[in-house]
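Everything below concerns the one structure shown next.
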Amino acid sequence: MAITLPHIEDANRTTYLPPKGEFERFTDESHYIEKVREWGLSTTKEVKKEFWYKERDHQRIVKIKGFETYGQAEEFNTVIVEFQDGNLSCIHPAYLKEMQASSFGKVSFSDVAEPSPAPSKKSEQPNAAKPKAVKKETATKKEKQTKIELPEEKVHFTATVKQFALSWNHFNEENDEVVVFENIVIEQANPIKIGLAWCAHSKTLKKFELAPGEKLEFDGKIVKKKLPNGKDVEEDFIVTNPVLYKINNPSKLKKS
């Protein structure tokens, strides 16, 4: 996509909905690729770095700088885009995806809502531009959950094996075997309940011949990394609920 500087009148006509404060930035290139593909904004092998931002009477080029999370399990995202003049704005990823279509706005720009004002403190919803025609009531009605402060060091866990699943690895372009845990608790002076987490079904874990419903305890590190869904897999290997945390290098595993 060729870069062109925005006309001053276009910049003046754009309604910006900037993030309220700090937002999550990409940790590295692989994190960016993972999120952009998760939002459906790039399906080609070469991941896009620039996107169209279209309004009623003009369009501009933007780059994705980061995202915000919301929902009871922080399973929803609002994308933060940066315009060429440095301005930041919030937008729902599904709406940004619609903007990439060549047919966007050609039928009737009246179907596109005027960007709404920033929400009140009571609503806790992100102030992202979104279309009237697309209803996201389920997502916007969920309250934002307090973020869990994850320990950086290795900790001790108790958990239950929920199921085995297949997860798409976009680097080698095939599904990887993973184990999904539930009822995960970081055992310490003040225990932390995590809920769901996943880890690679490594050769080490396979030696334990785990089965759904088994209770375990083990050591490991936990990070915030959403489980990617598998591609073209049977229903038994799909996780219906979002799994937002990953456990790295589980060790000293014992069955309870």
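Note that the structure is predicted; figures quoted are calculated from it, not measured. Note: hydrogens, waters and symmetry copies are ignored here, and every other heavy atom, side chains too, is used.
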Looking only at non-hydrogen atoms, find the nearest pair between [X] and [Y] and report the distance.
X	Y	result
Q163	P212	CA-CG, 4.5 Å
V161	E182	O-OE2, 4.4 Å
A200	L205	O-CD1, 3.4 Å
E82	K65	CB-CG, 3.3 Å
Q84	R60	N-NH2, 4.5 Å
T15	S89	O-OG, 4.2 Å

Could you measure the distance from the [atom1] atom of [X] to the [atom2] atom of [Y]? Nearest 0.5 Å is fine.
X	Y	atom1	atom2	answer
D219	L253	CG	CG	9.5 Å
S167	I238	OG	CD1	11.5 Å
S103	E98	OG	CD	9.5 Å
H201	F208	NE2	CZ	10.5 Å
N87	L17	CG	CG	11.0 Å
E46	I33	CD	CD1	10.0 Å

Between [X] and [Y], is any pair of side-chain heavy atoms under 4.5 Å apart?
X	Y	result
E24	K224	yes
E177	K206	yes
K255	L210	yes
C90	I80	yes
K162	T160	no
I64	L41	yes
P228	R37	no
F51	I61	no

ask   = What's the verdict on side chain to side chain contact (heavy atoms under 4.5 Å, CB included) for H58 and T14, showing C-alpha distance, side-chain angles and the deciding distance?
value = CA-CA 8 Å; H58 68 285; T14 302; 2.9 Å; yes
Are there more than 12 heavy atoms of other residues, nucleotides or ligands under 6.0 Å from atom [atom1] of [X]?
X	atom1	answer
E234	CD	no
D232	CG	no
K154	NZ	yes
N249	CG	no
K246	NZ	yes

Going hydrophobic residue to hydrophobic residue with side-chain gaps under 4.5 angstrom, can you get from [X] over to [Y]?
X	Y	result
L196	F237	no
F83	L96	yes
I194	V243	no
F23	F67	no
V223	I247	no

Test salt bridge (charged side-chain N to carboxylate O under 4.0 Å, His left out) applied to K20 and E68, step by step = CA-CA 10 Å; K20 292 181 178 179; E68 295 176 331; over 6 Å; no
key: Any donor-acceptor N or O pair under 3.5 Å, side chains K35, N77   = yes
task = Indicate yes or no for a side-chain donor-acceptor contact from K54 to the backbone of M99 under 3.5 Å, with no hydrogens or angles considered.
result = yes
message = Taking K225's backbone N and O only, do any of them form a donor-acceptor pair with W198's side chain (distance below 3.5 Å, no angle check)?
response = yes
query = Can you check side chain to side chain contact (heavy atoms under 4.5 Å, CB included) on E187 and E217, steps first, answer last?
reply = CA-CA 10 Å; E187 299 293 349; E217 58 177 288; over 6 Å; no
query = Taking the inter-plane angle between the rings of F26 and Y32 on a 0 to 90° scale, is it parallel (under 30°), tilted (30 to 60°) or perpendicular (over 60°)?
reply = perpendicular
request  = Test F181 against every option in F157, Y245, F218 by the ring pair (Phe, Tyr, Trp, His ring centres under 6.0 Å) rule and name the one that passes.
outcome  = F218
